[in-house]
Amino acid sequence: MTLPELLRAAREGAVSELELISLEGGIYLLQILGAEQRAYLRDEAGRNLHLRSVEHARDLLEELPDVPLFLVHASAYDEMCGLPSGTRDALRVPVGLRSRW
């Protein structure tokens with residue numbers, strides 16, 4: 001989903017929340033969740049758009065109506081040796097679309 005498509009979908013109420021997924025190397029991907037779809041924010045060439053930070057996402061999404069935004073980071077414990085196996089939930093923290101200074 002491109003930025004113009006995201007803006008249109010959000011204005012139509014088709015976006016329930018956004019997840020800013022933190023990856024290694026300081027890269028963030030924006031996952032768009034709706035009642036009937038999951039998509040990543042893509043550029044005009046169809047590649048996943050790499051964001052640099054929460055502030056970069058906020059700047060990019062400044063025209064978006066208020067939609068819940070969550071910062072998601074995978075558990076570092078999944079990469080550690082010697083821990084019992086099992087599923088660990090990712091850290092999922094609500095952050096506002098608008099900076100609250």
Side-chain angles (χ1 to χ4, degrees):
M1 181 179 290
T2 64
L3 184 57
E5 291 169 337
L6 170 58
L7 293 173
R8 185 171 40 256
R11 290 179 182 135
E12 293 171 355
V15 176
S16 58
E17 62 186 50
L18 302 170
E19 290 184 338
L20 189 60
I21 301 172
S22 174
L23 302 174
E24 286 187 34
I27 296 170
Y28 296 82
L29 299 178
L30 187 70
Q31 183 170 227
I32 302 139
L33 295 100
E36 299 184 20
Q37 70 173 351
R38 274 183 188 251
Y40 284 96
L41 186 61
R42 298 182 183 275
D43 61 18
E44 296 301 324
R47 296 179 300 248
N48 285 339
L49 189 61
H50 292 184
L51 304 173
R52 298 179 307 274
S53 65
V54 172
E55 287 305 316
H56 183 204
R58 284 178 173 155
D59 289 344
L60 189 68
L61 303 171
E62 66 184 354
E63 294 178 38
L64 202 69
D66 276 335
V67 173
L69 173 64
F70 296 89
L71 176 61
V72 178
H73 194 285
S75 172
Y77 295 113
D78 291 341
E79 299 175 7
M80 296 178 72
C81 295
L83 291 177
S85 61
T87 304
R88 290 177 183 77
D89 293 330
L91 175 65
R92 190 171 188 261
V93 180
V95 294
L97 268 178
R98 314 292 178 253
S99 182
R100 308 252 194 270
W101 295 103

Are Leu64 and Val15 packed together at the side-chain level, in the sense that at least one heavy-atom pair is separated by less than 4.5 angstrom?
no
Could you give me the CA-CA distance, side-chain angles and deciding distance for Leu3 and Leu61, then say whether side chain to side chain contact (heavy atoms under 4.5 Å, CB included) is met?
CA-CA 8 Å; Leu3 184 57; Leu61 303 171; 4.0 Å; yes
Identify the heavy atoms of [X] and [Y] that sit nearest to each other, and give their distance.
X: Pro65; Y: Leu97; answer: O-CD1, 3.6 Å
X: Gly96; Y: Leu69; answer: O-CD2, 4.1 Å
X: Leu51; Y: Leu20; answer: CD1-CD1, 3.7 Å

Do any N or O atoms from the side chain of Arg58 and from the backbone of Ser53 form a donor-acceptor pair under 3.5 angstrom?
no
State whether the side chain of Ser16 and the backbone N or O of Ala35 hold a donor-acceptor pair below 3.5 Å, judged by distance alone.
no
Taking atom [atom1] of [X] and atom [atom2] of [Y], what is their separation to the nearest 0.5 Å?
X: Leu30; Y: His56; atom1: CG; atom2: NE2; result: 10.5 Å
X: Tyr28; Y: Ile21; atom1: OH; atom2: CD1; result: 12.0 Å
X: Leu91; Y: Leu71; atom1: CG; atom2: CG; result: 7.0 Å
X: Tyr40; Y: His50; atom1: OH; atom2: NE2; result: 11.0 Å

Sidechain N-carboxylate O distance under 4.0 Å for Glu5, Arg42:
no
So if you build clusters from Ile, Leu, Val, Met, Phe, Trp, Tyr with side-chain heavy-atom gaps below 4.5 Å, do Leu29 and Leu6 land together?
no
More than 12 non-hydrogen atoms from neighbouring residues, nucleotides or ligands closer than 6.0 Å to CZ on Arg52, yes or no?
no
Is there a side chain to side chain contact (heavy atoms under 4.5 Å, CB included) between Met1 and Arg8 once you walk through the steps?
CA-CA 11 Å; Met1 181 179 290; Arg8 185 171 40 256; over 6 Å; no
For Ile32 and Arg38: C-alpha separation, side-chain torsions, deciding distance, then whether side chain to side chain contact (heavy atoms under 4.5 Å, CB included) applies.
CA-CA 6 Å; Ile32 302 139; Arg38 274 183 188 251; over 6 Å; no
Leu41 vs Leu60, test: side chain to side chain contact (heavy atoms under 4.5 Å, CB included). Steps then yes/no.
CA-CA 11 Å; Leu41 186 61; Leu60 189 68; 3.6 Å; yes
